[in-house]
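These notes are about the structure you will find just below.
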Amino acid sequence: MPLYDRILVPTDGSSEGELAVCHALDLAAVHGATVRAIYVVDTARYAGMPMETTWEGVGDLLYDDGEAALSTVSELAADRDVDVETAVVEGSPSREIITHAEETGCDLVVMGTHGRGGIDRLLLGSVAEKVVRGSSVPVLTVRIGDDDAVAAESAAESEGSRTETGSEAEPEAGPGTETGTRSTLDATETG
């Protein structure tokens with residue numbers, strides 16, 4: 001009996017987000033699962049636009065972006081011989097992802113996270129964090145983007161870990177730290 005029958009993967013169409021999509025598709029291929037890919041048009045973000053900008057024009061552009069993103073998911077799924085269903089939905093991204101996962105009977109949500117912390121997370125919020133906290137469906141997060149920031153942080157830690165004799169101490173391995181053959185793709189499952 002496969003662990004997963006139906007996997008939801010939200011996409012924003014970014015190349016970084018494609019890592020999470022590929023992870024979901026690979027899981028689906030192993031488990032013989034169907035993938036449900038969604039693109040959420042964040043209507044709240046565009047609510048404060050000036051009136052001379054018509055929603056129809058902006059809406060059409062956003063839906064076109066969504067269709068392009070979902071077309072990419074379909075192509076990647078075909079390469080892996082995975083069945084995929086797609087949908088463009090409107091609303092708050094975290095709320096729509098949770099609702100979609102629960103209403104379509106998904107066993108797992110796979111989504112990317114930028115791994116922001118501190119003030120960035122406080123100011124920007126995190127769709128992934130809101131989904132993890134609010135979903136009754138297990139959520140697998142895949143660390144995406146910010147590779148330059150991780151590399152710079154690792155370099156700074158290495159600089160700071162020199163001992164008094166001038167030799168380098170071994171840096172501690174933590175989430176997102178690359179050691180040996182460990183992948184920088186940091187995936188954790190919660191649920």
Side-chain angles (χ1 to χ4, degrees), residues 6-28 33-106 108-117 119-135 137 139-150 185-187:
R6 194 171 178 89
I7 299 172
L8 177 68
V9 62
T11 183
D12 62 1
S14 69
S15 57
E16 295 89 4
E18 200 171 294
L19 289 172
V21 169
C22 289
H23 197 86
L25 293 171
D26 291 342
L27 273 173
T34 298
V35 169
R36 176 80 176 171
I38 64 168
Y39 180 96
V40 181
V41 175
D42 187 357
T43 53
R45 177 175 284 176
Y46 300 99
M49 292 182 72
M51 290 307 289
E52 58 268 3
T53 306
T54 65
W55 170 246
E56 288 178 20
V58 173
D60 290 345
L61 289 174
L62 295 173
Y63 272 89
D64 290 347
D65 287 349
E67 291 297 335
L70 294 172
S71 175
T72 299
V73 174
S74 294
E75 291 169 12
L76 292 168
D79 292 343
R80 291 166 173 80
D81 198 30
V82 170
D83 292 333
V84 67
E85 302 164 356
T86 62
V88 176
V89 296
E90 277 186 30
S92 162
S94 57
R95 191 174 313 124
E96 290 301 321
I97 292 165
I98 292 167
T99 300
H100 215 79
E102 293 171 352
E103 289 181 356
T104 60
C106 292
L108 179 68
V109 177
V110 177
M111 62 187 301
T113 180
H114 290 280
R116 289 188 190 98
I119 195 74
D120 283 346
R121 192 178 88 215
L122 179 68
L123 294 175
L124 300 173
S126 168
V127 172
E129 181 180 7
K130 290 174 186 171
V131 172
V132 166
R133 290 181 185 274
S135 180
V137 176
V139 177
L140 178 89
T141 60
V142 180
R143 169 100 25 115
I144 60 173
D146 296 342
D147 287 339
D148 294 337
V150 170
L185 187 67
D186 181 24

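Just the heavy atoms: all of them, side chains too, but no hydrogens, waters or symmetry mates, feed the values below.
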If you look at every heavy atom in [X] and [Y], which pair is closest and at what distance?
| X | Y | answer |
| --- | --- | --- |
| Ile98 | Lys130 | CD1-O, 3.8 Å |
| Val110 | Ala24 | CB-CB, 3.8 Å |
| Val35 | Ala28 | CG2-CB, 3.5 Å |
| Val9 | Ala20 | CG2-O, 4.2 Å |
| Ser92 | Asp42 | CA-OD1, 4.5 Å |
| Gly66 | Val88 | C-CG2, 4.1 Å |

Working to the nearest 0.5 angstrom, can you tell me the gap between [X] [atom1] and [Y] [atom2]?
| X | Y | atom1 | atom2 | value |
| --- | --- | --- | --- | --- |
| Arg80 | Cys22 | CZ | SG | 4.0 Å |
| Leu140 | Ile7 | CG | CD1 | 9.0 Å |
| Ser14 | Leu19 | OG | CG | 8.5 Å |
| Thr113 | Ile144 | OG1 | CD1 | 7.5 Å |
| Glu85 | Ile38 | CD | CD1 | 12.0 Å |
| Leu62 | Tyr39 | CG | OH | 6.0 Å |

Side-chain donor-acceptor distances from residues 67-74 under 3.5 Å, at least two apart:
| from | atom 1 | to | atom 2 | distance (Å) |
| --- | --- | --- | --- | --- |
| Thr72 | OG1 | Ala68 | O | 3.2 |
| Ser74 | OG | Leu70 | O | 3.2 |

Exercise. Just wondering, do Val109 and Pro10 contact through their side chains at under 4.5 Å, heavy atoms?
Worked result: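 When only atoms from C-beta onward are counted, Val109 and Pro10 do touch, with a gap below 4.5 Å.
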Exercise. Between Met111 and Val127, does a side-chain contact (heavy atoms from CB on, under 4.5 Å) hold up when you go through it step by step?
Worked result: CA-CA 9 Å; Met111 62 187 301; Val127 172; 3.9 Å; yes
Exercise. Given Val137 and Leu8, is the side-chain contact (heavy atoms from CB on, under 4.5 Å) satisfied, shown in steps?
Worked result: CA-CA 10 Å; Val137 176; Leu8 177 68; over 6 Å; no
For this session: With salt bridge (charged side-chain N to carboxylate O under 4.0 Å, His left out) as the test, would you mind laying out the steps for Arg36 and Glu103 before giving the verdict?
Result: CA-CA 12 Å; Arg36 176 80 176 171; Glu103 289 181 356; over 6 Å; no
